[in-house]
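Since the structure comes first, as structure tokens, the remarks are kept for the end.
Quick note on labels: first sequence line is chain A, next is B, and so on, each numbered from 1. Both backbone and side-chain heavy atoms feed into the values below; hydrogens, waters and symmetry mates do not.
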Amino acid sequence: MVARDLLGKYLVRKVGNKIIREKITEVEAYVGEHDLACHSSKGRTKRNEVMYGSPGTIYVYFVYGMYWMLNIVTENRCGAAILIRSTEHYKGPGILTRELKIDKSLNGKKLGKKNGLWIESDFKMENSKLKIIRTPRIGVSYAGEIWANKKYRFLLKTR
DNA sequence: GCAGTGATCATA
DNA sequence: ATGATCACTGCC
């Protein structure tokens, strides 16, 4: 699963001359239209349009009148994506995007240096076994018992 | 525990 | 046009 692969990698954000490099510690998987917790479960709309793009596309959306959520599309045209929930220093998806200055200008763009947001891997991390914890996803109780309880949240165990 | 906040979507 | 909902956060 792609969600696991993102854990321990570095999310790199360049804004102006500043580069922020943050280790990803928490992600959630949203696996497609059949996943009732996934935005694409209600079909294709203007908001979730970019989820139907190709892997590596950035899906950013706005919730609760204040927060941007950062997702990476993982599958070709299935409406599936990974939510990046937190990194080493930024706990929580809303704080992460606030600190990294991520907003809808990145929506629909591809990960890559030219767009100022990309993923880098750490050689040491690739060769070490990561301790990963799985739990149900956060804030998706509306999805019904079956989908709300799926263990699609992945955390890096730090000690 | 819950208020704040505004885009988005369904209903009309 | 209106109203409900929301992949959250911070303060109680």
How many whole angstroms separate atom [atom1] of [X] from atom [atom2] of [N]?
X: A/Lys104; N: B/dA7; atom1: NZ; atom2: C1'; result: 10 Å
X: A/Trp68; N: B/dT5; atom1: CH2; atom2: C1'; result: 13 Å
X: A/Tyr90; N: C/dT9; atom1: OH; atom2: P; result: 14 Å
X: A/His39; N: B/dC9; atom1: NE2; atom2: P; result: 9 Å
X: A/Tyr67; N: C/dG10; atom1: OH; atom2: P; result: 6 Å
X: A/Asn48; N: C/dT5; atom1: CG; atom2: C1'; result: 16 Å
X: A/Arg47; N: B/dG6; atom1: CZ; atom2: P; result: 17 Å
X: A/Glu26; N: C/dC8; atom1: CD; atom2: P; result: 10 Å

Student check: side-chain heavy atoms of A/Thr97 and A/Asp103 closer than 4.5 Å: no
Non-hydrogen side-chain atoms of A/Arg47 and A/Asn107 separated by less than 4.5 Å: no
Measure from the side-chain heavy atoms of [X] and tell me the nearest of [options].
X: A/Phe62; options: B/dA7, C/dA7, C/dT9; result: B/dA7
X: A/Lys46; options: B/dC9, C/dC6, C/dG10; result: B/dC9
X: A/Met66; options: B/dG6, C/dT9, B/dG4; result: B/dG4
X: A/Tyr64; options: C/dA7, C/dG10, C/dC8; result: C/dC8

Watson-Crick or G-U wobble mate for C/dC8, both contacts under 3.5 Å: B/dG4
A/Glu75 and A/Tyr52: side chain donor to acceptor below 3.5 Å: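 Looking only at side-chain atoms, A/Tyr52 and A/Glu75 do not form any donor-acceptor pair under 3.5 Å.
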A/Arg98 vs C/dG10: side-chain N/O to OP1/OP2 distance below 4.0 Å: yes
Below 4.0 Å: OP1/OP2 of C/dA7 and any side-chain N or O of A/Arg153: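 So the side chain of A/Arg153 is outside the cut-off, no N or O lying under 4.0 Å from OP1 or OP2 of C/dA7.
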Note: A/Glu28-A/Arg137 ion pair, threshold 4.0 Å (strictly below):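 So A/Glu28 does not pair with A/Arg137 through a salt bridge.
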A/Arg153/A/Glu26 salt bridge by N-O under 4.0 Å criterion: yes
